[in-house]
Asks: 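To start, I am sharing the structure in question, which I have written as structure tokens.
Predicted model, so just to flag it, every value in this text is computed and none were measured. Throughout, a chain's letter reflects where its sequence line sits, starting with A, and its residues are numbered from 1. Computed over heavy atoms, backbone and side chain alike; hydrogens, waters and symmetry mates excluded.
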Amino acid sequence: MSLRRFIAKRVLLIFPILFGVSVITFALVQITPGDPIDVVVALNPDISPAEEARLRARYGLNDPIWVQYFEWLGGVLQGDFGRVISTDRAVSTVIVNRLPETVALGLFGWVFAVVIAVPTGIYAAVRKDELGDHVSRFVALSGISIPNFWLGLMLILIGALTLNLWPVLAPRKPLYAPEMLWYLLLPGITIGTASASTLMRIMRSSMAEEMNKEYVTAARAKGLPERTVVLKHVLRNSLISVTTVAAFLTASIVSGSVVVETVFGWPGLGRSLISAVSNREIDLILGITLFIGVAIILANLVADILYAVLDPRIRYD
Amino acid sequence: MTDTNRTLSDVLSRRNLMQTVAGLGAASVAGCSGLTGGDGGDGGDGGSVDPVQERETVEPGDIKEGGTFKTAIGENPDTFDYVESTSASATILHNLLYEGMVTTDAAGKLYPWLAESYEQVAVNDVTAADYTSYMSSAQYAETDDGAVYIDTDAQVIIESPDNPNSPSAGDEAQVLTPKEATQAVSDGTFGMHYTFQLHEGIKFHDGEELTAPNVVASYERVQNSGLSGQIYDSLLDIQANGDYTVELYMQLPDAAAIRELGGLPVYPTKMTDLELGQMDPRQGNTPLGTGMFKLKEFNNEEYVLFEKNENYWFDTGMKDWFEGPSEFPNGPVVDEVDVAIIGSDSQRAAALESGEIDMSYGLTASTLTNYQQAEDYRTAPTNGAGYTFLQFPVRQEPWTNAKIRRAANKLIPRQSISENIFQGWEEPAWVPLPPLAARTGSTDYEAMVENLKSYNTYEPEAAAELAEEAAGEADVEFPIEVTLETNSDNDDRVRTVELIAESMSQEIDGTQYFDVSVNTKEFLTFISQLLSTDYWKQGKLAFIGLSGGFNPHGYAKSVHSPQNFAQCCNFQNIDIEELNQAMEQARYGPEVAQDPELRRERYEKVWKMILEENANSYGTHSTLVGVVNNDVKGFNTYPSTQDIIGYAMYNPADQQITYLDR
């Protein structure tokens with residue numbers, strides 16, 4: 001199968017996957033007790049049954065579930081993702097407004113992961129079974145094991161409260177302001193740590209495996225400096241699997257944003273999703289979930305394509 | 001620190017606000033023979049003791065002007081359109097922008113505000129039946145989940161007492177709508193009549209002068225809004241009489257009417273012309289009022305920035321009731337109020353510690369204790385309007401027996417809960433009425449507590465005795481197995497419930513009378529189940545928090561009235577006829593509307609009846625605590641969260657003002 005055909009097939013697969021994601025999400029929201037009007041009723045002790053009925057009718061909540069779902073789906077196909085009932089805003093507006101923050105955080109986390117993982121992985125592979133390797137393994141395992149929320153809270157505790165170098169609250173600067181790099185550091189580290197650890201271990205394994213191969217022995221026999229052998233020959237081949245894994249890790253960074261944005265009060269999609277879930281804002285939950293689904297699917301697609309491009313021996317069938 | 005303390009304490013927030021900002025009304029004529037009330041506003045039926053426990057006072061000469069007071073709230077404001085808002089957090093913001101005809105001090109004493117004075121003009125002995133000849137017809141309809149309602153686009157003000165008790169879809173109902181209400185008023189059919197004289201020359205933020213038609217339009221904007229249920233359970237009609245006189249009519253002689261109605265925000269024409277829900281920057285409209293602050297910047301889900309209203313109308317010299325020094329400012333002195341929106345309590349506390357905000361609130365007991373012991377912060381405690389309660393499944397065996405309920409109540413270790421879980425920040429609820437509403441709901445609060453406290457003291461032996469007596473009257477098997485439920489997102493509450501369950505499950509002289517398991521649920525899940533029409537059939541105990549106000553009625557009605565079944569907060573279908581009548585007689589009728597002492601006496605009967613029946617066990621009365629850093633001077637906390645910022649910034653009734661010294 002050609003790469004082009006493979007991509008086309010994968011792109012077509014996106015639609016049934018997203019359909020499945022939306023059905024499952026919709027069903028999960030429906031079986032969870034409560035809807036946005038329940039919030040209104042709970043917070044309005046004297047709201048009349050008539051007003052409650054009017055509100056439910058206005059947002060179609062009296063319709064059978066399948067009608068609600070297909071009405072939502074029909075809207076989505078026309079670019080209308082529904083409304084946030086509590087604030088009467090379009091879901092698409094919320095997503096568009098929040099997306100840049102989430103993308104910036106994700107990008108920072110991703111770059112952080114790569115920048116930390118690649119040199120550390122190389123170092124660990126070169127120093128295999130030495131103290132440096134053991135230390136890096138310990139650090140990587142810790143990075144994978146520590147929950148995002150705990151790491152985030154610790155960074156706030158140390159960075160903001162002990163050292164007083166970072167703010168606790170989200171910055172009020174435009175995303176393009178240079179200071180934002182500083183503000184992104186703590187949430188970026190939090191979101192990127194697990195990925196950096198995973199990537200580092202892959203890098204190390206990959207490098208170590210390559211270094212045992214005959215071409216490396218041959219290069220050394222030819223008298224090439226070790227630095228050239230490692231950085232020019234071994235690194236290049238090792239990067240194939242690392243690049244692929246890095247693309248896959250994008251998915252975990254996207255999903256990790258939900259926790260990290262909440263801990264740091266970062267005004268992105270993840271925080272909006274948490275808020276939507278606690279308020280049973282069905283359209284917003286569906287909209288953001290769908291969006292995250294698209295991001296994850298695309299990340300996986302890019303990973304597959306990169307894999308094929310970097311290693312032409314790979315064939316798709 | 002918990003992630004969130006979201007509780008049903010917010011549930012009555014809207015009503016609570018009305019109570020906190022509403023005017024004096026009939027009670028102001030205590031001891032007077034009738035219709036000469038309207039004392040021009042020195043209040044009367046509010047509390048007499050300042051609920052602020054450690055009030056920090058400010059010398060006018062020390063006040064420094066300027067600066068930005070920074071704080072945070074836990075939720076994004078749902079809307080700045082007051083009548084459509086259900087969020088307590090949003091009301092904190094509204095109170096900086098909007099004002100009503102009357103206001104109150106921290107003790108609940110009422111003062112004319114946008115009004116120069118008000119007067120009780122008439123009290124008539126009418127009932128809902130007196131309106132039937134004015135009513136029009138409408139039909140009942142039914143929602144998918146079986147709730148039957150009157151299907152009309154008009155605001156229903158009063159339903160005919162002759163309407164069917166158990167209506168079905170298609171049945172006919174007789175209702176009074178605003179159109180007919182005006183006709184009834186012109187014929188002299190109304191419960192009470194108040195006249196408000198507005199100050200002349202008050203300007204809205206957009207420069208429009210406040211006049212009586214603005215007030216009328218603002219009140220009429222409530223029709224069919226989210227707030228309509230809370231206003232139209234008392235309001236009959238409102239009319240402008242010239243430019244500066246407002247005539248307010250109530251449906252019934254209602255002792256709490258002014259407190260319920262007098263403080264509704266008033267807006268300029270630009271705002272009242274908007275459709276419901278549109279008074280919001282997210283809809284492209286800047287909210288406008290007469291308030292001491294103006295909205296400067298709003299970034300949805302991030303922050304709200306207010307700037308001082310430099311043309312604020314208020315002048316202490318124009319209020320007879322102002323008792324402070326002449327140098328006391330005529331408005332707030334901070335230039336800006338910056339309110340960050342931070343969902344988690346822990347993050348708000350961290351922001352306070354890092355110096356990014358000046359004030360935080362809603363913190364757990366252990367956090368408050370830490371702040372209390374820290375030199376760099378001041379805790380400002382105030383008797384609150386909140387309370388916790390445990391509601392019994394009164395229609396399920398064996399809980400139908402009041403002695404079983406009272407036996408369980410005797411095993412609730414209130415003192416221990418107060419000391420060990422709340423570290424003294426909350427007080428045991430010895431009676432259903434908190435100290436905050438003592439003056440309106442009791443003749444002698446201390447004596448009442450002394451007399452009734454024994455109902456709520458922790459006494460296992462007495463509990464065993466009551467349980468045995470109940471077993472002698474009916475078929476009861478011990479231990480009674482039951483599940484105690486609460487919301488999981490409030491650590492203090494969960495610990496309280498665990499302690500109650502453990503205490504109830506103890507063996508007393510070798511017998512275990514109750515076997516209580518605990519079930520916690522996420523807030524909205526729990527609320528949805530509580531509000532369902534079949535929770536009462538499940539036989540579970542529900543434990544939750546709620547908030548009242550200065551009006552004693554809320555502390556009884558909210559959790560007992562059959563009208564509140566499947567709403568907030570009669571989840572177990574409590575309907576005790578004798579108690580219903582006692583509650584009605586304490587609030588409604590010409591006698592109590594004109595005689596606050598009689599009203600207090602009647603409420604005392606209500607509290608005793610509540611303790612006898614024990615359909616609800618009241619747990620603790622709240623303390624509301626604002627925590628500020630040392631840059632903040634003069635900050636005191638208002639008894640309800642909804643005015644925690646507005647009150648602290650400026651309230652001349654208590655000579656309350658906050659300034660920044662940095």
Asks: When rounded to the nearest 0.5 angstrom, what is the spacing between CD in B:Glu75 and OG in A:Ser275?
Replies: 8.5 Å
Asks: Between B:Glu302 and A:Lys173, is the closest basic N to carboxylate O distance under 4.0 Å?
Replies: no
Asks: Using non-hydrogen atoms only, which part of B:Asp338 is less than 4.5 Å away from chain A: side chain, backbone, both, or neither?
Replies: side chain
Asks: In terms of heavy-atom pairs under 4.5 Å with chain A, which of B:Asn300, B:Thr79, B:Asn76, B:Asn224 leads?
Replies: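 The option with the most such pairs is B:Asn300.
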Asks: Among B:Phe526, B:Tyr303, B:Tyr232, who wins on heavy-atom pairs under 4.5 Å with chain A?
Replies: B:Tyr303
Asks: If every non-hydrogen atom of A:Arg271 is compared with every non-hydrogen atom of B:Ile341, which pair is closest and at what distance?
Replies: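 Heavy atoms only, the tightest pair is NH2-O, 3.3 Å.
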Asks: For B:Glu275, does the CD atom sit with more than 12 other heavy atoms under 6.0 Å from it, leaving out its own atoms?
Replies: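 Check fails, neighbour count at 12 or below.
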Asks: Between B:Gln529 and chain A, which part of the residue has a heavy atom less than 4.5 Å away: side chain, backbone, both or neither?
Replies: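 For B:Gln529, the contact with chain A is made by the side chain alone.
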Asks: Counting N and O atoms only, with roles assigned by atom type, does the side chain of A:Arg280 sit under 3.5 Å from a partner on the main chain of B:Leu524, one being a donor and the other an acceptor?
Replies: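 Side chain of A:Arg280 to backbone of B:Leu524, a donor-acceptor pair under 3.5 Å: no, none is there.
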Asks: Atom CZ in B:Arg282, atom OG1 in A:Thr93: separation rounded to 0.5 Å?
Replies: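 If we round to the nearest 0.5 Å, B:Arg282:CZ and A:Thr93:OG1 are 12.5 Å apart.
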Asks: Please round to the nearest 0.5 Å and tell me the distance separating atom CG of B:Asn299 and atom CG of A:Asn97.
Replies: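 So the gap between those two atoms works out to 9.0 Å.
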Asks: Under 4.5 Å from any heavy atom of chain A, what part of B:Gln563 do you find: side chain, backbone, both or neither?
Replies: neither
Asks: Backbone N or O of A:Phe264 within a donor-acceptor pair of the B:Gln347 side chain at under 3.5 Å?
Replies: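 Present.
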Asks: I want to check something: taking the side chain as every heavy atom from C-beta on, are A:Pro167 and B:Glu356 in contact at a cut-off of under 4.5 Å?
Replies: yes
Asks: Is it true that, when you exclude B:Asp534 itself, more than 12 heavy atoms of the residues, nucleotides or ligands shown sit nearer than 6.0 Å to its CG?
Replies: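 More than 12 within 6.0 Å, yes.
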Asks: With rounding to the nearest 0.5 Å, note down the distance linking OG in B:Ser354 to CD1 in A:Ile156.
Replies: 9.5 Å
Asks: For A:Val263, is it the side chain, the backbone, both, or neither that has a heavy atom closer than 4.5 Å to a heavy atom of chain B?
Replies: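 A:Val263 touches chain B through backbone heavy atoms alone.
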Asks: Checking heavy atoms, do the side chain of A:Leu169, its backbone, both or neither come under 4.5 Å from chain B?
Replies: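 The answer is both parts of A:Leu169.
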